Amino acid sequence: MTNTTDITPAPSNPSPETSRTKPKLAGLRTLAATVLVIVGTVLLTPAITAYWFNTEILDTDAYVENVTPTLSDPAVKKFVATRATDYLVEQVNSRINVPGVLTATLGSTLEPQVEELLTLPVVQDQWVAVNRLAHEKLINALQYDNSNVDIDLTSILITLQAQLVAKDIPVISSTLSQIVIPPDQLNLQIIKGDSVNTARTAYDIADTSQWALPLGVIVLFALALIVAWRRRGTLLAIGLAMFLTGVFFVVALATGSEVLRATGRSKLQADAAYAIATSITDSLRSDALIILISGAVLAVVAVALFVLPKMGPTKNSSE
C-alpha cells in the first residue's frame with residue numbers, strides 16, 4: 001500500500017489591497033468620495049478666484065499696496081514721462097511758437113528731467129492717491145456699469161509742471177508758469193469697459209461667498225478622504241485636480257496678459273497697463289503656483305503609496 005501525502009500550497013502573501021475584507025458599504029463610500037472630489041474640483045477654480053478677489057481686489061489697502069511700486073516700473077515711468085512731456089511741450093509751443101525743428105529737442109531735454117521728478121516723494125504720494133481713486137472706479141465698474149477704469153494722472157502732471165517751473169529753466173519755466181492744466185489731461189487706462197463683464201462674475205462670486213467657497217472646497221476634499229474606501233486613489237484624484245487647476249490659472253493669466261497688450265491704444269500705454277495688471281495679478285499667479293505644486297506633491301505621494309507596498313519583501317512560498 002502506497003502512502004500518499006497531501007501537499008497543500010503555502011498561502012500567498014496577500015497584498016495590502018486584498019488583505020482587508022471589503023465591507024458592505026465600500027461601494028457606497030467610494031461613490032460618496034467620488035462625488036465629493038468632483039464637486040470640490042468644479043468649485044476649486046471659483047474658490048481660488050474668490051479668495052484672490054477678497055484679499056487683493058475688494059480690499060483697497062491691498063490693491064494700492066500692490067500697485068504702488070509700479071511707478072518705478074520702466075514701462076509705467078516711460079508712459080507718464082513721455083505723455084507728460086508731450087503735453088507740456090505742446091503747451092509751450094502754442095505760446096512761444098517753438099520752431100518745428102526745435103520741438104523734438106525741447107522734448108528730449110525735458111523728458112529725462114520729468115523722469116527724474118517722478119522719484120520725488122510728493123509724486124509717489126500722489127501716485128498712491130490716484131490709485132485709491134482708480135480702485136473706487138474699478139469697484140464701481142464691477143458693481144454697476146461697464147465704464148472704463150483708468151488712473152487719472154492730472155494731479156501728477158500739475159506737480160511735474162510746478163517742479164519744472166521751480167527749476168527756473170530759461171524761457172521754458174516762465175512759459176510753463178502761465179499754463180493752467182484742465183482736468184483729465186493725462187490718464188492711463190487699465191481696463192476697457194467691455195472687459196469688465198469678464199471680471200463681474202468673479203466679483204459677484206467673491207462678494208457673495210466671501211470665505212465660504214474656499215473653505216467649502218477644503219471641507220469637501222477633507223470629507224472625501226475621510227469617507228473613501230481606498231484613500232490613495234482619492235488622494236491621487238485630489239492632487240491631479242489641484243495640479244490641473246493650477247496649470248489652468250497659469251496659462252489663463254499668461255494668455256490674458258498678452259490680450260491686454262494687444263488691446264492697448266498704443267504700445268506705450270499697453271506696456272504700462274500690462275505692468276500694472278501684472279502687479280495686481282501677481283498674488284493670483286502665486287496662489288496658482290502653490291495649488292499646482294501642492295497638487296503635484298499630493299499626486300506623487302499617492303502614487304508612492306500605491307507602489308511602495310508592492311516593492312516590499314515577500315515570504316518564500318516553500319517555507
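Please read all numbers here as calculations on a predicted model, not as lab measurements.
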(request) State, with a plain yes or no, whether a side-chain heavy atom of Thr30 is found less than 4.5 Å away from one of Arg230. (result) no
(request) Report the C-alpha separation of Val92 and Leu110 in whole Å, then their side-chain angles, then the decisive distance to 0.1 Å, and conclude whether the side chain to side chain contact (heavy atoms under 4.5 Å, CB included) test is met. (result) CA-CA 12 Å; Val92 170; Leu110 286 181; 5.6 Å; no
(request) Would you check if the side chain of Thr154 reaches a backbone N or O of Gln185 as a donor-acceptor pair within less than 3.5 Å? (result) yes
(request) Group every Ile, Leu, Val, Met, Phe, Trp and Tyr by side-chain heavy-atom contacts under 4.5 Å, then state whether Val42 and Phe248 land in the same group. (result) no
(message) Looking at Thr55, is its backbone amide N or carbonyl O close enough to the side chain of Asp59 to form a donor-acceptor pair, meaning the two atoms are under 3.5 Å apart?
(response) no
(request) Looking only at non-hydrogen atoms, find the nearest pair between Ile190 and Ala273 and report the distance. (result) CA-CB, 4.4 Å
(request) Assess whether atom CD of Gln143 is packed by more than 12 heavy atoms of other residues, nucleotides or ligands within 6.0 Å. (result) yes
(request) Measure across Gln269 and Leu188 and return the closest heavy-atom pair with its distance rounded to 0.1 Å. (result) CG-CD1, 3.8 Å
(message) By the definition side-chain contact (heavy atoms from CB on, under 4.5 Å), identify the one residue from Asp73, Leu71, Thr70, Asn66 that meets it with Ile276.
(response) Thr70
(message) Set out, in order, the CA-CA distance, both residues' side-chain angles and the distance that settles side chain to side chain contact (heavy atoms under 4.5 Å, CB included) for Leu118 and Val80, then state yes or no.
(response) CA-CA 9 Å; Leu118 291 177; Val80 177; 3.8 Å; yes
(request) Could you tell me the separation between the CG atom of Leu305 and the CZ atom of Arg231, rounded to the nearest 0.5 Å? (result) 12.0 Å
(message) Please find the pair of heavy atoms, one from Asn148 and one from Gln189, that lie closest to each other, and give the distance.
(response) ND2-NE2, 3.4 Å
(request) Look up atom CG in Leu268 and atom OG1 in Thr82, then write down how far apart they are to the nearest 0.5 Å. (result) 5.0 Å
(message) With a 3.5 Å distance limit and no angle check, can you tell me whether Thr159 reaches the backbone of Ser155 through a side-chain donor-acceptor pair?
(response) yes
(request) Output, in order, the C-alpha distance, side-chain angles, deciding distance and verdict of side chain to side chain contact (heavy atoms under 4.5 Å, CB included) for Leu160 and Tyr87. (result) CA-CA 11 Å; Leu160 293 173; Tyr87 177 82; over 6 Å; no
(request) Looking only at non-hydrogen atoms, find the nearest pair between Val67 and Ser279 and report the distance. (result) CA-OG, 4.0 Å
(message) Is there a path of hydrophobic side-chain contacts, each under 4.5 Å between heavy atoms of I/L/V/M/F/W/Y residues, joining Val37 to Val219?
(response) yes
(message) Could you see if Trp211 belongs to whatever hydrophobic cluster contains Ile48? Use Ile, Leu, Val, Met, Phe, Trp, Tyr and a side-chain cutoff under 4.5 Å.
(response) no
(request) Output the distance between atom CD (Gln126) and atom CD (Gln124), rounded to the nearest 0.5 Å. (result) 10.5 Å
(request) List the steps, then state whether side chain to side chain contact (heavy atoms under 4.5 Å, CB included) holds for Leu213 with Tyr51. (result) CA-CA 8 Å; Leu213 194 55; Tyr51 172 80; over 6 Å; no
(request) Examine the side chains of Trp127 and Thr68 and answer whether a donor and an acceptor come within less than 3.5 Å of each other. (result) no
(message) I'd like to know if the side chain of Ser173 and the backbone of Leu164 have a donor-acceptor N/O pair within less than 3.5 Å.
(response) yes
(message) Quick one, Gln91 and Leu176 - any side-chain contact, counting heavy atoms below 4.5 Å?
(response) no
(message) Please give me the minimum heavy-atom distance between Ala141 and Val149, naming the atom from each residue.
(response) CB-CG2, 3.9 Å
(request) Is it possible for you to say whether Val128 and Val122 belong to one hydrophobic cluster, with membership spreading through side-chain heavy-atom contacts below 4.5 Å? (result) yes
(request) Check whether Leu120 and Leu88 end up in the same hydrophobic cluster, where Ile, Leu, Val, Met, Phe, Trp and Tyr are linked by side-chain heavy atoms less than 4.5 Å apart. (result) yes
(message) Whether Asp86 and Arg83 form a salt bridge (side-chain N of Lys/Arg under 4.0 Å from carboxylate O of Asp/Glu) is what I want to check.
(response) no
(message) A side-chain contact here means heavy atoms from C-beta on lying under 4.5 Å apart; do Leu138 and Ile57 qualify?
(response) yes
(message) Less than 4.5 Å apart, side chain to side chain, heavy atoms only: is that true for Leu58 and Tyr203?
(response) yes
(request) Answer yes or no: is there a side-chain heavy-atom contact under 4.5 Å between Thr234 and Phe221? (result) no
(message) Donor-acceptor pair, distance only, cut-off 3.5 Å: does the side chain of Arg285 make one with the backbone of Val250?
(response) no
(message) Distance check, rounded to the nearest 0.5 Å: Tyr274 atom OH versus Thr278 atom OG1?
(response) 4.0 Å
(request) Could you tell me the separation between the OG1 atom of Thr245 and the CG atom of Leu44, rounded to the nearest 0.5 Å? (result) 4.0 Å
(request) For the pair His135 and Tyr63, name the ring-plane relationship: parallel under 30°, tilted 30 to 60°, perpendicular over 60°. (result) tilted
(message) If I compare all heavy atoms of Phe249 with all of Thr45, which pair ends up nearest, and what's the gap?
(response) CZ-O, 3.5 Å
(message) Any heavy-atom pair between the side chains of Asp271 and Lys78 that's under 4.5 Å?
(response) no
(message) Would the distance check show the side chain of Ser294 and the main-chain N or O of Ile291 forming a donor-acceptor pair, the cut-off being under 3.5 Å?
(response) no
(request) Answer yes or no: is there a donor N or O on one side and an acceptor on the other, between the side chain of Glu56 and the main chain of Ile280, under 3.5 Å? (result) no
(message) Is any side-chain heavy atom of Phe79 closer than 4.5 Å to one of Leu153?
(response) yes
(message) Working to the nearest 0.5 angstrom, can you tell me the gap between Thr85 OG1 and Glu115 CD?
(response) 8.0 Å
(request) Could you tell me whether a side-chain N or O of Asn140 sits under 3.5 Å from a main-chain N or O of Glu136, the two making a donor and an acceptor? (result) no
